[in-house]
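Residue numbering restarts at 1 for every chain, and letters A, B, ... go by the order of the sequence lines.
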Amino acid sequence: MKKVFYFYIDGFKNMSRHSVRLWIIILVKLFIILFVLRIFFFPDFLNSKFETDKEKGDYVFEQLINN
Amino acid sequence: MDHFDISLVDWSRAQFALTAMYHWIFVPLTLGLSFIVAFMHTIYYRTRDEKWKKMTKFWMKLFGINFAIGVATGIILEFEFGTNWSNYSWFVGDIFGAPLAIEGILAFFLESTFIAVMFFGWDRVSEKFHMVSSWLVAFGSNLSALWILIANAWMQNPVGMKFNPDTVRNEMVDFFEIALSPTAVFKFLHTVSQAYIVGALFVVAVSAWYILKNRHLLFAKKSILIASVFGLLASLFVAFTGDSSAYDVAQTQPMKLAAMEGLYDGEEKADLNALGFLNNEKNNSNFKGVRLPGLLSVLAFKDVNAFVPGINDLVNGNAEQGILPAETRMKKGKISIQALADYKKAKNEGNEEMTSLKLKEFEENYSHFGYGYFENKEDIVPNVHLTFYSFHIMVGLGLFFILLFAWLLYASLKDKIGKSKLLLRISVWSFLFGLIASELGWVVAEVGRQPWTIQNILPVGVSTSHLSVGSVQTTFFIFLALFTILLIAEVKILITQIKKGPEEGGSHV
């Protein structure tokens with residue numbers, strides 16, 4: 001495990017400038033996707049309105065029957 | 001279908017299409033380039049020739065840039081399922097969840113673990129393990145695609161499931177029927193093999209540019225040789241899997257096939273509309289151009305005498321051919337929807353006899369369930385012009401790629417690759433054509449199957465969440481901005497690294 005850990009540490013330490021720039025892009029992108037878009041713009045519709053699976057199923061049932 | 005907001009549905013579709021199409025710019029290059037890198041790495045491992053090491057490192061670096069920019073863009077599609085398509089997400093149940101979970105656990109971890117070894121492993125792990133890691137990254141990437149494509153194939157041809165009216169979800173009854181359905185197998189093979197073409201075209205384009213600039217000539221010629229062999233094999237395989245996919249579409253989505261060919265009136269010994277234009281007439285005189293006699297019957301049913309149904313047959317029915325009119329299917333669909341409502345009511349009232357009666361009625365008509373949401377029989381027809389032109393341009397480009405790779409391979413083997421400026425210039429632009437063909441493949445698959453999210457069972461109009469149109473519009477433009485920035489970043493970084501060339505390569509990502 002220690003060898004694997006140092007393998008990664010060495011890898012990150014010896015990255016070129018261009019690789020560091022890529023990692024910054026990856027991290028900024030992941031932050032935007034997971035902590036901005038997901039939380040503020042993409043709540044799970046059913047989870048945000050209902051607590052149980054039965055409630056969710058009943059809601060979708062109504063949607064299917066009354067459309 | 002009167003009660004949902006068309007603009008909400010259209011904006012939700014536009015948002016999904018935008019996200020999927022941007023995502024698909026990055027994916028085929030990852031899938032294709034990963035195998036080319038693995039091939040080159042293997043040649044280096046076997047020859048220990050430093051030239052191959054340099055080539056492997058250079059293309060690995062460009063692969064890394066594309067991977068880094070593209071990674072996780074697909075997650076947004078999963079967000080959209082939960083937010084914009086909640087009825088659909090609930091309705092599909094485990095069918096969609098299981099393949100995506102396997103993708104996340106198995107393929108993603110395989111890919112992400114070995115990608116670190118691939119980039120960090122130079123002089124740090126054994127050369128054999130390092131080379132094997134390159135292959136595992138390639139297989140991991142392709143395995144990721146497999147599970148996503150199985151899920152997509154199920155939407156086009158829903159098999160191996162049973163709808164549970166109590167949970168209002170589809171439940172998997174046969175995993176292998178889903179995973180190994182002809183639709184899933186052909187979709188996977190066709191999609192990944194066309195991605196190999198995109199990867200090969202990228203290598204060809206960059207290498208041709210070097211030769212035109214009189215730079216890195218040996219490197220570029222060797223790269224073109226590898227890419228043209230890989231690309232030629234991939235493009236021939238794409239032609240084969242495309243033929244198999246068309247056969248499958250003819251059996252499972254006849255309306256899509258009719259739209260792909262602009263075929264309104266079904267016929268025996270149906271001609272293939274090879275090259276030409278469509279007008280707005282809704283009969284077979286809508287096509288002006290070159291027809292190949294009987295070839296559509298062969299393509300669709302492997303029989304030159306076979307009857308291929310047209311759009312009018314599928315809308316109005318054709319008793320002679322045993323095709324139900326859409327209006328009959330709409331009536332059966334409404335019976336199924338009403339039976340579902342009555343089943344629930346009877347169950348709540350504890351009326352067991354009525355419960356089983358209505359369940360039987362529902363199940364007997366379930367294959368028409370989605371038709372019950374339409375009021376107009378014409379609603380089952382997709383956008384014919386868009387499907388037709390996307391299909392024909394895609395096929396035309398596919399044939400062009402076979403010729404291009406054959407020409408490049410011939411020129412490489414005869415050591416004439418630098419002699420024809422025309423070939424080199426075409427090669428530089430061909431990468432763009434590869435991306436266009438790749439995107440058009442998805443347009444054919446997804447526009448051609450409209451109005452369904454799940455073929456014959458659930459239309460798009462019933463699949464969406466009740467959100468405000470404004471919120472969907474807002475996220476549409478956020479994505480447009482985000483993906484455009486990512487694409488500009490990718491193109492800029494790639495161009496910078498390509499301009500630097502392999503001489504300055506070697507640093508890992």
Side-chain angles (χ1 to χ4, degrees), chain A, chain B residues 1-4 61 64-65 67-69 71-73 75-76 79-87 89-91 116-117 119-121 124-125 165-169 337-338 340-341 344 369 373 458-459 461-462 465-467 471 474-475 478-479 482 486 489-490 493 496-497 500 506-509:
Chain A
M1 281 305 287
K2 204 172 166 185
K3 263 178 92 175
V4 173
F5 177 75
Y6 281 109
F7 172 79
Y8 278 89
I9 293 295
D10 282 349
F12 282 113
K13 269 187 187 166
N14 294 316
M15 283 193 307
S16 65
R17 270 183 60 200
H18 125 91
S19 306
V20 172
R21 202 179 305 149
L22 277 179
W23 273 102
I24 291 170
I25 290 174
I26 291 173
L27 294 174
V28 169
K29 181 180 67 179
L30 285 176
F31 177 80
I32 292 171
I33 290 175
L34 298 175
F35 295 101
V36 179
L37 292 177
R38 178 61 169 160
I39 293 170
F40 296 105
F41 294 99
F42 284 93
D44 186 289
F45 184 82
L46 293 175
N47 284 345
S48 65
K49 286 190 176 302
F50 308 102
E51 287 188 358
T52 66
D53 279 357
K54 187 176 181 321
E55 287 174 336
K56 291 173 197 170
D58 288 345
Y59 172 78
V60 175
F61 175 81
E62 288 299 320
Q63 296 289 306
L64 293 178
I65 296 305
N66 295 322
N67 242 307
Chain B
M1 294 276 279
D2 289 339
H3 306 285
F4 67 87
K61 184 162 62 176
I65 293 165
F67 185 88
I69 307 278
V71 74
T73 50
I75 290 176
I76 293 172
F79 293 171
E80 288 173 24
F81 283 131
T83 305
N84 300 50
W85 302 94
S86 60
N87 290 347
S89 295
W90 183 264
F91 188 81
V117 180
F119 285 111
F120 294 161
R124 288 197 176 92
V125 295
D166 297 318
T167 59
V168 200
R169 307 191 92 165
I337 294 168
Q338 187 57 50
L340 178 64
K344 194 94 166 177
F369 186 81
Y373 294 102
L458 196 70
V462 188
S465 310
H466 278 277
L467 301 169
S471 71
T474 305
T475 46
I478 288 175
F479 285 152
L482 178 70
L486 286 175
E490 160 138 11
I493 297 170
T496 305
Q497 292 304 320
K500 281 183 184 173
S507 59
H508 54 247
V509 176

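Counting heavy atoms from C-beta outward, B/L340 and A/F61 have side chains that approach closer than 4.5 Å. Using a 4.5 Å cut-off on side-chain heavy atoms (C-beta onward), A/Y59 and B/V168 make no contact. A heavy-atom distance below 4.5 Å is found between the side chains of B/F79 and A/L34.
Heavy-atom pairs under 4.5 Å with chain A peak, among B/I337, B/T496, B/T474, at B/I337. Highest contact tally toward chain A, considering only B/T167, B/I493, B/T475, is held by B/T475 [criterion: heavy-atom pairs under 4.5 Å]. Options B/I75, B/L486, B/D166 differ in how many heavy-atom pairs under 4.5 Å they form with chain A, and the most are formed by B/L486. Note: B/T83 leads B/L467, B/L458, B/T83 in heavy-atom pairs under 4.5 Å with chain A.
Contacts between B/Q338 and chain A at a heavy-atom distance below 4.5 Å are absent for every atom of the residue. Only the side chain of B/F479 has a heavy atom closer than 4.5 Å to any heavy atom of chain A. Heavy-atom distances place the side chain of A/I25, and not its backbone, under 4.5 Å from chain B. Heavy-atom distances place the side chain of A/L30, and not its backbone, under 4.5 Å from chain B.
Rounding to the nearest 0.5 Å places CZ of A/F40 at 11.5 Å from CD1 of B/I478.
Here the closest non-hydrogen pair linking B/Y373 and A/L64 is OH-O, 2.7 Å. B/I69 and A/K29 make their closest contact through O-NZ, 2.6 Å (heavy atoms, listed as atom of the first residue, atom of the second, distance). Across B/V462 and A/Q63, no two heavy atoms sit closer than the pair CG1-O, 4.3 Å. The two residues B/K344 and A/D58 have their closest heavy-atom pair at NZ-OD1, 3.7 Å.
Heavy-atom neighbours of chain B within the stretch residues 43-52 of chain A, taken at a separation under 4.5 angstrom, comprise A/P43, A/D44, A/F45, A/L46.
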